Every structure is written in structure tokens, then in C-alpha cells.
K.L.:
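Submitted below is the structure of interest, expressed as C-alpha cells.
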Amino acid sequence: MSETAYLNGEFLPLDKAQVSVLDRGFIFGDGVYEVIPAYSRRPFRLPEHLARLQHSLDAIRLSNPMTDAEWTRLIHDLIARHAIEDQSVYLQVTRGVARRDHAFPKDSKPTVFMMSGPLVTPSKELVENGVPCITASDFRWLKCDVKSISLLGNCLLRQAAADAGAVEVVLFRDGRLTEASASNVFIIRDGRLLAPPKDHLILPGITYDVVLELAAACGIPIELRAVTEQEVRSADEIWVTSSTKEVLAVTTLDGKTVGSGRPGEVFKAVHQEYQQYKRKVMRHAA
Ligand code: PDD
């Protein structure tokens, strides 16, 4: 089965899906997106992803082109058109096609695009050994809670990580931890889980919420507060989380060993809970 896309009301082969060069997504990066993992062909935390999509659309003053029921039906339909069990569904909504002018067009129709591909989660080796990360100053804009398709800052930062042979780049703004280029960041100090609270400086990760729920269920004390760069650099454990990375331990930061240099005990407990939770949720979704 070849990859199928959805574009403005129709399903078609991905390589046949085309938009105008005047689309504001192409010209200005004027749009928002979501990445939704599907396990055993069932979308994970779909209502939460759709709520975040609504938040992003509201933030850029674009009305939602579909109801949650319509999104849900289309996403299930797209998944059903692919043979793979575990998929990563990508959707984006842009402000549509209009003559180039920074101000919003009066009557453009949003462009709605979706595709789905294999969900590539970290290998057993990465989970068991952890990953290297670097750090950088967070120079992105001040609306990082919006899942904007304008990802140039994130791409530049991630490329710096790739150039250094690292998996992610942990970001600091004014001496405080924000997140990473495409993940949220947690640290463990003295058995406590610390993370920055959800505000305009980080994306409100769906996995962030799952990890907090699972950590609480494991009885791990949680502190959501500003986390200093010094606290990160001397943490016992550092984790990155996202829909595709799930939860992954960082074992070196800027070439320096984190904690014991191996994924920590708290990470192992929460990672195991995550795997169990996924399987449980998927069984109930049947
Ligand atoms: N990125 N922070 C940023 C900047 C992100 O881009 C992402 C996800 C996250 C984690 O969010 P979630 O847990 O909802 O996936 C945090 C997606 C996966 C991407 O752009 O591919």
C-alpha cells in the first residue's frame, strides 16, 4: 500500500498531493500542526491532541475547519488506509492561499493536510544506553506553546545537535530550562522529578502530561517550577519526552556524564510504566 495523504477534502497518493506556492503556509509559515502517534492503529490521546490543535488555532486566530468528531473520523480513516500497525499521523492547517500580504486575507480557505507514516520510536539500544544531548540558548519566539509550522528556530537548533552527533538540544532561556528542539525535558534531583511548568516558553507536550501522571502513580515527588541551568547540569537524571521519542534518558550533556552515565532508576521505572500504560490504553480502545 503506498502512502496516502488527505488534502482539502480528498484522500490521494502522498506524491500527488500539491498546494499552491501562494499558500500562506509556504510563504509565511502561517499555520499550525500536530503529530499524533497511533499504536496498533489506534490514535493515542487523540482528544488531548485535538484540544492542543484548537489552542494553537485560537492563538493564530484561525477558525477550526472541522469539528473534533470530523477530525476523529478522518484520522481513523487515514490510519485505516495504511498497512503499518504503529503510525505517526501528521496534520497541518494553514491560513490558505492568498496574494502575498502579511496581514490576514479576508476570505481565504484554510488548507488542511494530513499524512501518516511509520511511527519510529527509540530502539532498544537507545532506551537501554541513553542518548547524548548538547545545550544551547533558546532563541525562539515567545509563543512556544503554539504548535506552529514555522519551525526554523527548532530546525537550526536540532541541526546543531545533529552536527555534534547528539540526539537533542536542551534549551536555556535566561538561565532557566525551557525544553528541547522537539521534546520536553525533565530532570531528577534527589529522587524528585522537576520540570518547567506549562507556559508560553514551552510546548504543552501530550507526553509531558502522560509522564507526570505515571510518575505521580509511581509515588515520585513532582515539582513543576522554574528549573535553573545549574540544576540541569548537576542533575542525577535528564529525560527528553515526545510522542515519537516517548521517554528517553540523556546520558551525556555537552559531552559530560549525566549521573552515573547510564539511564537512571527513576527513568527505568517510568519508562516501564509508559510501555505498560500504552498497551493497557490500546487494549481498552479496541
Ligand atoms: N514534536 N516540544 C517541542 C518543541 C516539540 O516539537 C514537541 C513534539 C514536544 C513534545 O510534544 P508531544 O509530547 O505532544 O509530542 C515538545 C513533535 C513530535 C514533532 O514536531 O515532530
Side-chain angles (χ1 to χ4, degrees), residues 25 29 31-39 43-56 59 71 75 86-94 113-122 131 133-162 166-173 176-187 195-215 224 227 238-248 250 270-271 273-274 277-278 281:
V32 296
Y33 77 107
E34 276 297 323
V35 175
I36 306 159
Y39 299 106
F44 183 68
R45 296 232 160 175
L46 183 54
E48 289 82 355
H49 280 278
L50 293 178
R52 186 173 63 185
L53 174 66
Q54 186 64 57
H55 169 79
S56 297
W71 279 116
I75 289 165
D86 293 349
Q87 300 181 28
S88 173
V89 175
Y90 175 88
L91 69 85
Q92 77 169 46
V93 183
T94 77
F113 171 66
M114 288 201 279
M115 62 182 167
S116 189
L119 174 66
V120 184
T121 53
V131 295
C133 286
I134 59 164
T135 63
S137 160
D138 192 345
F139 54 69
R140 300 171 304 158
W141 71 337
L142 295 173
K143 289 178 186 277
C144 293
D145 56 315
V146 178
K147 206 158 169 58
S148 161
I149 60 168
S150 311
L151 286 173
L152 187 54
N154 304 62
C155 292
L156 285 168
L157 289 161
R158 171 61 80 80
Q159 187 55 40
V167 163
E168 254 294 16
V169 48
V170 173
L171 303 173
F172 300 111
R173 196 191 282 268
R176 303 271 167 87
L177 170 67
T178 54
E179 55 178 346
S181 72
S183 353
N184 291 110
V185 179
F186 291 83
I187 67 167
K198 288 184 191 170
D199 62 11
H200 61 292
L201 299 178
I202 68 169
L203 186 81
I206 306 300
T207 322
Y208 170 105
D209 285 340
V210 177
V211 164
L212 286 179
E213 286 168 28
L214 297 177
L224 298 183
V227 178
I238 304 175
W239 312 342
V240 286
T241 71
S242 80
S243 293
T244 47
K245 289 186 201 74
E246 300 182 337
V247 49
L248 198 53
V250 177
V270 169
H271 183 267
E273 285 294 316
Y274 197 98
Y277 174 75
K278 244 167 54 180
V281 168

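A quick note: this is a predicted structure, and the numbers were derived from the prediction, not measured. Order of listing sets the numbers, starting from 1, for every ligand and every atom in it.
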K.L.:
Using the ring pair (Phe, Tyr, Trp, His ring centres under 6.0 Å) rule, take Tyr208 and Phe186 through it: C-alpha gap first, then chi angles, then the decisive distance, then the call.
P.N.:
CA-CA 9 Å; Tyr208 170 105; Phe186 291 83; 5.3 Å; yes
K.L.:
Any donor-acceptor pair under 3.5 Å linking the side chain of Ser242 with the backbone of Thr244?
P.N.:
yes
K.L.:
Quick check on ligand 1: any N or O pairs to the protein under 3.5 Å? One line per pair.
P.N.:
from	atom 1	to	atom 2	distance (Å)
ligand 1	1 (N)	Lys147	NZ	3.3
ligand 1	2 (N)	Glu179	OE1	2.7
ligand 1	13 (O)	Ile206	N	3.4
ligand 1	13 (O)	Thr207	N	3.0
ligand 1	13 (O)	Thr207	OG1	2.5
ligand 1	14 (O)	Arg52	NH1	2.7
ligand 1	14 (O)	Arg52	NH2	3.1
ligand 1	14 (O)	Ile206	N	2.9
ligand 1	15 (O)	Ser243	N	2.8
ligand 1	15 (O)	Ser243	OG	2.7
ligand 1	20 (O)	Tyr33	OH	2.6

K.L.:
Would you compute the distance between atom CD1 of Ile134 and atom CZ of Arg158 and round it to the nearest 0.5 angstrom?
P.N.:
10.5 Å
K.L.:
Under the side-chain contact (heavy atoms from CB on, under 4.5 Å) test against Leu91, which residue among Val35, Val32, Ile75 passes?
P.N.:
Ile75
K.L.:
For Glu179, is there any backbone N or O sitting under 3.5 Å from a side-chain donor or acceptor partner on Asn184?
P.N.:
no
K.L.:
Restricting to side-chain hydrogen bond (donor to acceptor under 3.5 Å, both in side chains), what partner residues turn up for Ser88, sequence neighbours left out?
P.N.:
none
